[in-house]
Amino acid sequence: MLVRNHQKLKDDYFTSDVLELAPDLLGKILVLKTDKTMVSFRITETEAYRGEEDLACHARKGRTKRTDPMYYPGGILYIYLIYGMYWMMNIVAGEKNIPQAVLIRGLDDIRGPGKVTKTLGIVKSFNYENLSTSKRIYLLDDGLQPTYSCAPRVGIDYAGEHWKNLEWRFIANPIQ
DNA sequence: TGAGTGATCGTA
DNA sequence: ACGATCACTCAC
């Protein structure tokens, strides 16, 4: 059996542009620790939200209390509630003051961003959590880079034709 | 196909 | 202060 080197992903990795980071996160291993348990899943689906000019991005209205995490340097989490029911988990990307984030839409056999957070127990308290220094959540790279396909982003009809049609959703092909 | 649910933000 | 909006899911 091939033994791979599991490398924890650090700050620098996350400051690249969201259009590089979002597809690159496919295949990375998300690790979540509680007092007694540790679970891990591979990331299988992501979506990119890119700056104030992106009319699908929350930051299109500028920096507010809600969008504040996106203006941090890449590597922290941006967590928010949608439809009154579902927590969404995003990994902030890019340099400081450039609001970009990657929505985690799927892990292994978990499809849908609401199910992802429900399964992992991700709630508002994970907002601003730093993936490089956190003891309870971080990412590992074991070198696997799945091939993937692209598609338009979901649930952003309000963003207008241009932004709606961009294929900024990345779906990993099943791992052999 | 539409009900459920509540934080957020624009308009006052 | 109120009301519209919303990176969703599940049951019909």
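Small disclaimer: the values here were computed from a predicted structure and weren't measured. Computed from heavy atoms alone, side chains included, the values below leave out hydrogens, waters and symmetry copies. Every chain is numbered from 1, with letters handed out A, B, ... down the list of sequences.
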Worksheet item: Distance-only, no hydrogens or angles: does the Ser132(A) side chain make a donor-acceptor pair with backbone N or O of Asp11(A) under 3.5 Å?
Response: yes
Worksheet item: Can you find a pair of side-chain heavy atoms, one from Met89(A) and one from Ile137(A), that are under 4.5 Å apart?
Response: yes
Discussion item. Show me, range against range, the stems involving DNA chain C, built from at least 3 consecutive Watson-Crick or G-U pairs below 3.5 Å.
Written reply: B:1-4 with C:8-11, B:6-11 with C:1-6
Discussion item. Quick check for you: to the nearest 0.5 Å, what is the distance between Glu129(A) atom CD and Thr133(A) atom OG1?
Written reply: 7.5 Å
Worksheet item: Quick one: what's the B/S/- string for nucleotides 7-12 of chain C, heavy-atom cutoff under 4.0 Å, read 5' to 3'?
Response: BBSS--
Item to complete: Would you classify Lys118(A) as touching base, sugar-phosphate or nothing, given that sugar-phosphate means primed atoms plus P, OP1 and OP2, and contacts are heavy atoms under 4.0 Å?
Response: nothing
Worksheet item: Other than Val31(A), what residues sit in its cluster of Ile, Leu, Val, Met, Phe, Trp and Tyr side chains whose heavy atoms are under 4.5 Å apart, directly or through others?
Response: Ile29(A), Met38(A), Tyr138(A), Leu140(A)
Fill in: Length of the line joining Arg153(A):CZ and dC6(C):P, which is rounded to integer Å
14 Å
Worksheet item: Does Arg136(A) CZ have over 12 foreign heavy atoms under 6.0 Å away?
Response: yes
Practice prompt. State whether a side-chain donor-acceptor pair under 3.5 Å links Asp68(A) with Tyr78(A).
Written response: no
Worksheet item: Ignoring hydrogens and geometry, is there a side-chain-to-backbone donor-acceptor pair from Asn127(A) to Ile79(A) under 3.5 Å?
Response: yes
Discussion item. Is Lys124(A) close enough to dG6(B) that one of its side-chain N or O atoms is under 4.0 Å from OP1 or OP2 there?
Written reply: no
Response to the item:
Rounded to the nearest 0.5 Å, the CD atom of Gln100(A) sits from the CG atom of Asn90(A) at a distance of 12.5 Å
Discussion item. Which is it for dA4(C), anti or syn, if anything within 90° of zero counts as syn?
Written reply: anti
